[in-house]
Amino acid sequence: EVQLVESGGGLVQAGGSLRLSCAHSGFTFTDYAIGWFRQAPGEEREGISCISSSDGSTYLDDSVKSRFTISRDNAKNTVDLQMNSLKPDDTAVYYCALDPTDLCGSNWKPQPYDYDFWGQGTQVTVSS
């Protein structure tokens, strides 16, 4: 059974940092992408970052590119999203998800419909 578990969310003041982690397990896909999405109240779920397992290609949305970084630890089966200089607009539930077709590249914004497996989400709240 595919499992993705997010951790690291919380409440932080504007300008602060959080590190989200996505622990993934229970699958045998050789090539896949792990994506990070966020959904604010009343908004659609938006892809903000992804990383490919095959070649390490990454994507960071323009809205976060100068502030967030994505990384992976293959030994631990985790993908982390380091979030710096957080703004109130970053407030959302953050989800990690798995795409077994490994669609991730520097110009390929993650789309929810490409991702088949999802974590439960973790709340990030940035106060002003």
Side-chain angles (χ1 to χ4, degrees):
E1 179 185 2
V2 178
Q3 288 193 324
L4 299 111
V5 180
E6 304 96 339
S7 61
L11 172 64
V12 65
Q13 288 188 331
S17 299
L18 284 173
R19 189 176 183 89
L20 304 184
S21 187
C22 174
H24 52 85
S25 63
F27 59 90
T28 58
F29 307 119
T30 302
D31 298 327
Y32 57 90
I34 297 293
W36 281 100
F37 296 78
R38 66 184 181 186
Q39 188 167 21
E43 303 288 334
E44 293 186 353
R45 193 166 297 188
E46 175 194 23
I48 57 171
S49 186
C50 64
I51 188 165
S52 165
S53 73
S54 59
D55 62 6
S57 297
T58 62
Y59 172 90
L60 283 166
D61 191 75
D62 286 345
S63 63
V64 304
K65 186 173 291 185
S66 62
R67 303 181 292 124
F68 293 7
T69 57
I70 188 169
S71 61
R72 63 181 181 178
D73 186 327
N74 291 334
K76 296 182 179 179
N77 289 334
T78 57
V79 172
D80 288 356
L81 186 69
Q82 177 66 41
M83 308 187 297
N84 299 327
S85 302
L86 284 162
K87 305 175 182 179
D89 284 349
D90 295 317
T91 295
V93 178
Y94 284 70
Y95 300 88
C96 69
L98 184 148
D99 165 25
T101 65
D102 197 17
L103 291 175
C104 181
S106 59
N107 295 314
W108 190 276
K109 183 178 176 70
Q111 299 294 331
Y113 51 73
D114 286 328
Y115 286 74
D116 295 334
F117 305 95
W118 292 82
Q120 80 287 352
T122 186
Q123 176 71 47
V124 171
T125 303
V126 184
S127 63
S128 58

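Numbers here are sequence positions counted from 1.
Listed by chain and number, the residues in a salt bridge (charged side-chain N to carboxylate O under 4.0 Å, His left out) with D116 amount to none (sequence neighbours excluded).
For the pair D114/W108, a side-chain contact is recorded, criterion being any heavy-atom separation below 4.5 Å from C-beta on. At least one side-chain heavy atom of L4 sits under 4.5 Å from a side-chain heavy atom of I34. Counting heavy atoms from C-beta on, the side chains of K109 and Q111 come closer than 4.5 Å.
Atom CD of E46 and atom OH of Y94 lie 8.5 Å apart (nearest 0.5 Å). A distance of 9.5 Å separates CD1 in I51 from CG in L60, rounded to the nearest 0.5 Å. Remark: Q123 CD to T91 OG1 distance equals 7.5 Å, nearest 0.5 Å. Here the straight-line distance linking atom CG of D89 with atom OG of S128 works out to 10.5 Å at 0.5 Å rounding. In this structure, the separation between CD on E6 and OG1 on T78 is 13.0 Å, given to the nearest 0.5 Å. Taking CG of L81 as the reference point, atom OG1 of T69 lies at 7.0 Å (rounded to 0.5 Å).
Taking each heavy atom of L20 and G9 in turn, the nearest pair found is CD2-N, 3.5 Å. Counting all heavy atoms, side chain and backbone alike, S63 lies closest to R38 at OG-NH2, 3.7 Å. Residues Q82 and S17 share a closest heavy-atom pair of NE2-CB, 4.0 Å. Annotation for I48 and V64: closest pair O-CG2, 4.0 Å, computed over non-hydrogen atoms. The two atoms that bring S53 and D102 nearest to each other are N-OD1, 3.8 Å, heavy atoms only. Listed here is the closest heavy atom pair of V124 and L18: CG1-CD1, 3.9 Å.
Ionic pairing of D90 and K87 is not present here: no N-O contact between side-chain nitrogen and carboxylate oxygen is shorter than 4.0 angstrom.
Separation of the H24 and F117 ring centroids does not fall under the 6.0 Å cut-off.
Although no hydrogens or angles enter the test, the distance criterion places no donor-acceptor pair under 3.5 Å between the side chain of Q13 and the main chain of S127.
Sorted by first and then second residue, the ring-ring contact (aromatic ring centres under 6.0 Å, His included) pairs involving residues 35-75 (not counting sequence neighbours) are F37-Y115, F37-W118. Sorted by first and then second residue, the disulfide (SG to SG under 2.5 Å) pairs with a member in residues 97-128 read C50-C104; sequence neighbours excluded.
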Quiz item: Can you check side chain to side chain contact (heavy atoms under 4.5 Å, CB included) on Y95 and Q39, steps first, answer last?
Solution: CA-CA 8 Å; Y95 300 88; Q39 188 167 21; 4.2 Å; yes

Exercise. Begin from the C-alpha positions of V79 and C96 and carry the test side chain to side chain contact (heavy atoms under 4.5 Å, CB included) through to its verdict.
Key: CA-CA 9 Å; V79 172; C96 69; over 6 Å; no

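Donor-acceptor pairing under 3.5 Å is lacking for the side chains of D80 and S71.
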